[in-house]
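Just so we're clear, the structure is a prediction, and the values are computed from it rather than from any experiment.
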Amino acid sequence: MNSLTILETTLREGVLMEDINVTVADKLRIAKLIDSLGVTYLEGGWPQVFEKDLEFFQEVRNLDLKAKLTVFGATRRPGTQAARDRNLKVMLETHAPVCHIYGKVWTLHVEKVLQTTLEENLNMLRDSLELLKSEGKEVIYTAEHFFDGFRTNREYALENVKVALTGGADIITLGDSNGASLPNLVRDGVLAVKDLVGNKPIGLHLHDDLGLSMANTLAGLEAGATHIQATVNGYGARTGITDLTALLPILKLKMGLEVVTDAQLALLTEVATKIAEIVGLGGEMDYRPVVGRKVFAHKTQTHVSAVLSDPEAYEPIDPAKVGNQRRLVIPGLMSARTTYFREVARKYGVDLNEDSAANSRILEVLRGLEDQGYSFEDAEASLELRLGQLTGRFERILDTERLRLFEVIRGRSQGVVEASLKVRVLGGEVEYVAAEGTGPVDTLYQVILEALKVQPDSSFFDYMKSVKINAFRVRTLNRLPGDTESNTRLRVRVALGFSDGSREWTTIGIDEDVIKAAWTALVDGVEYGLLTRAGTQNLESISA
């Protein structure tokens, strides 16, 4: 099975998913990212349905892609000549070297959707293939709804495959277009087709409506399929199709198939994350298999201890091989085992192995934070900042003396939020600055930027002006110990996510007042960003 080929179809199938809308420029960026993974075929679009895909096929020629550029379309329409069919003509206009066409197999679709005869449907397939092959194209044929057709009318489904074979299709792909077939049906279908086509490659295009696409892919591979169609993050119509980002490590690391190089596989998490951001679904990445942020996160004491002893205990693959990383999250620091906490602290450059007064002080402060409700499992930047400050590695950058925040009305009804801040930056002179914004958090951030702007060291402002707040989460915490139903101090936990374009971090603040909690998280986020920024100064150079 080392001849296994992969058709990556995010740019065609993926954009059929609800909420995904991309421009030609977006598609060109995505194409370069996909190509870096070493896939065999890169499907660029469906120009009959999306006219802008013609522009993509024109522009993509300048990218020098390694994958074979592929265009998608349908067999000719009933009652027409293939040479005059608009869909086939547009496919040829793209000058893509590979043409991928689909045709109907399930008699329900032939008779009720196409409203034609079973014989004419076969003629449509034969004529379309012959035209494309006469133009010198490599042709991939996908038998849409093959497994439903195989289940309801086996003879006609296999006759469809025979016509594709005689028509010259280079790869015959079997589609589970409703995503509802079970693995045993997929296996039986592949075996039946294999008896017909001999050494001709058999492919799979499997939807995930019932969560079966990966199981069906593996069943099909076991039965003899050697071509898989997939998308990054499983994007596709409805709930998507086979997920390339899960498939590649399964093929290479679990099945030993050299479908991509080690270097290409190591790009997987980065590519998946960047594409998710381009299509506007970056916020849904945390829990994705293989490439999600949570996949290699270990929280319970038992799991963490086991992973520290041997990562294989709770990690199916080495995260570094797919460009991801292990995370030891903190579910309550003081309740964790000693070895666990020492490992977490060591990750941030703090050695707590010694039984010293300084280490006791660190533990006391962290215990106090935990008593207030602080937990750092989704805000490791706040923990690293606290450890750095407690050990003298980090100095406070922003020393607030006074902050005012208020909302004003301009004209008849235009609302604006204003803030004034009296602050000392890194022990310098006290500055008084003001700013306005569209909301409380935005305004607080703007007033901090104003404070950094007036500092002699312009690098602080130059860096932070490019940092964006990309997440704002608020949740109510349980009552503190000693609170009663009649004496409840309601507290909120505010988490702010930051991004400088190349890295992300999250900080938290807790208070009975949501603005104060947001201010704590905001100051922590700015300080952490400045103290750990890359490519400007060593950490120690802006530390005490």
Side-chain angles (χ1 to χ4, degrees), residues 5-17 19-77 80-103 128-142 168-171 173 205 227 229-233 235-237 241 244 264 267 271-272 274-281:
T5 60
I6 294 174
L7 182 147
E8 211 295 332
T9 179
T10 298
L11 296 178
R12 195 278 302 175
E13 175 72 53
V15 300
L16 301 182
M17 178 171 276
D19 298 328
I20 291 183
N21 295 286
V22 291
T23 64
V24 172
D26 291 333
K27 294 189 71 167
L28 292 170
R29 291 171 60 198
I30 292 171
K32 292 176 65 176
L33 289 166
I34 292 171
D35 194 53
S36 70
L37 295 177
V39 297
T40 320
Y41 301 91
L42 195 156
E43 191 164 71
W46 191 354
Q48 181 195 22
V49 175
F50 302 103
E51 291 186 8
K52 64 183 178 182
D53 285 350
L54 279 173
E55 181 183 349
F56 166 81
F57 279 103
Q58 182 177 5
E59 296 292 334
V60 76
R61 300 174 202 168
N62 301 320
L63 296 186
D64 191 27
L65 300 177
K66 303 297 186 296
K68 297 180 182 181
L69 189 63
T70 304
V71 62
F72 182 80
T75 57
R76 69 164 175 81
R77 291 172 298 159
T80 65
Q81 296 180 3
R84 296 188 176 184
D85 186 82
R86 174 58 182 161
N87 163 69
L88 295 173
K89 291 173 66 175
V90 170
M91 291 178 69
L92 293 172
E93 286 175 15
T94 66
H95 300 288
V98 183
C99 291
H100 176 197
I101 64 168
Y102 75 94
S128 301
L129 288 171
E130 289 177 353
L131 173 67
L132 296 176
K133 292 304 294 183
S134 71
E135 295 289 334
K137 302 299 182 181
E138 180 179 353
V139 181
I140 299 171
Y141 168 59
T142 289
D170 296 284
I171 298 174
T173 298
H205 183 99
H227 173 81
Q229 299 181 5
T231 59
V232 168
N233 298 324
Y235 298 144
I241 68 170
L244 182 76
Q264 289 165 338
L267 295 173
V271 168
K274 286 184 176 180
I275 290 177
E277 291 172 351
I278 293 171
V279 302
L281 296 177

* Side-chain heavy-atom pair M17, T231 within 4.5 angstrom cut-off -> no
* To do: Mark yes when over 12 heavy atoms from residues, nucleotides or ligands other than K133 sit less than 6.0 Å from its NZ; otherwise mark no.
  => yes
* Considering only heavy atoms from C-beta outward, does the side chain of T10 approach that of L244 to under 4.5 Å? -> no
* Asked: Out of curiosity, I171 CD1 to Y141 OH, how far, rounded to the nearest 0.5 Å?
  -> 14.5 Å
* **Under 3.5 Å donor-acceptor, D170 side chain and V139 backbone** => yes
* Asked: Of the non-hydrogen atoms in G14 and I20, which two are nearest, and what is the gap between them?
  -> O-CD1, 3.5 Å
* Asked: Do L88 and L131 come close enough that some side-chain heavy atom pair is under 4.5 Å?
  -> yes
* Asked: What's the spacing between T5 OG1 and H227 NE2 if we round to 0.5 Å?
  -> 5.0 Å
* To do: Look up atom OG1 in T70 and atom CD in Q229, then write down how far apart they are to the nearest 0.5 Å.
  => 9.0 Å
* Asked: Where the side chain of D85 meets the backbone of T75, is there a donor-acceptor pair that is under 3.5 Å apart?
  -> no
* Contact check, side chains of L7 and V39, non-hydrogen atoms, under 4.5 Å -> no
* Structure fact -> Residue pairs meeting side-chain hydrogen bond (donor to acceptor under 3.5 Å, both in side chains), one or both in residues 49-64, sequence neighbours left out, come to K27-D53
* Asked: Roughly how far, to the nearest 0.5 Å, is OG1 of T23 from CD1 of I278?
  -> 9.0 Å
* With a 4.5 Å limit on heavy-atom distance, are the side chains of V22 and V279 in contact? -> yes
* To do: Run through W46, F56, Y235 and flag the one making a side-chain contact (heavy atoms from CB on, under 4.5 Å) with L11.
  => F56
* **Taking every non-hydrogen atom, the tightest pair across A31 and L65** => O-CD2, 4.1 Å
* To do: Ignoring hydrogens and angles, tell me if any N or O in the side chain of E13 forms a donor-acceptor pair with the backbone of A230 under 3.5 Å.
  => no
* Straight-line distance of I101 CD1 to T142 OG1, nearest 0.5 Å -> 9.0 Å
* To do: Among residues two or more places apart or on two chains, list those pairs meeting side-chain hydrogen bond (donor to acceptor under 3.5 Å, both in side chains) that have a residue in residues 28-44.
  => T9-E43, R12-E43, Y41-E138, E43-H100
* **Close side-chain approach of L92 and K137, heavy atoms under 4.5 Å** => yes
* **Taking every non-hydrogen atom, the tightest pair across N87 and G73** => OD1-CA, 3.5 Å
* Asked: Quick one: does E8's side chain have a donor or acceptor within less than 3.5 Å of a partner on V232's backbone?
  -> yes
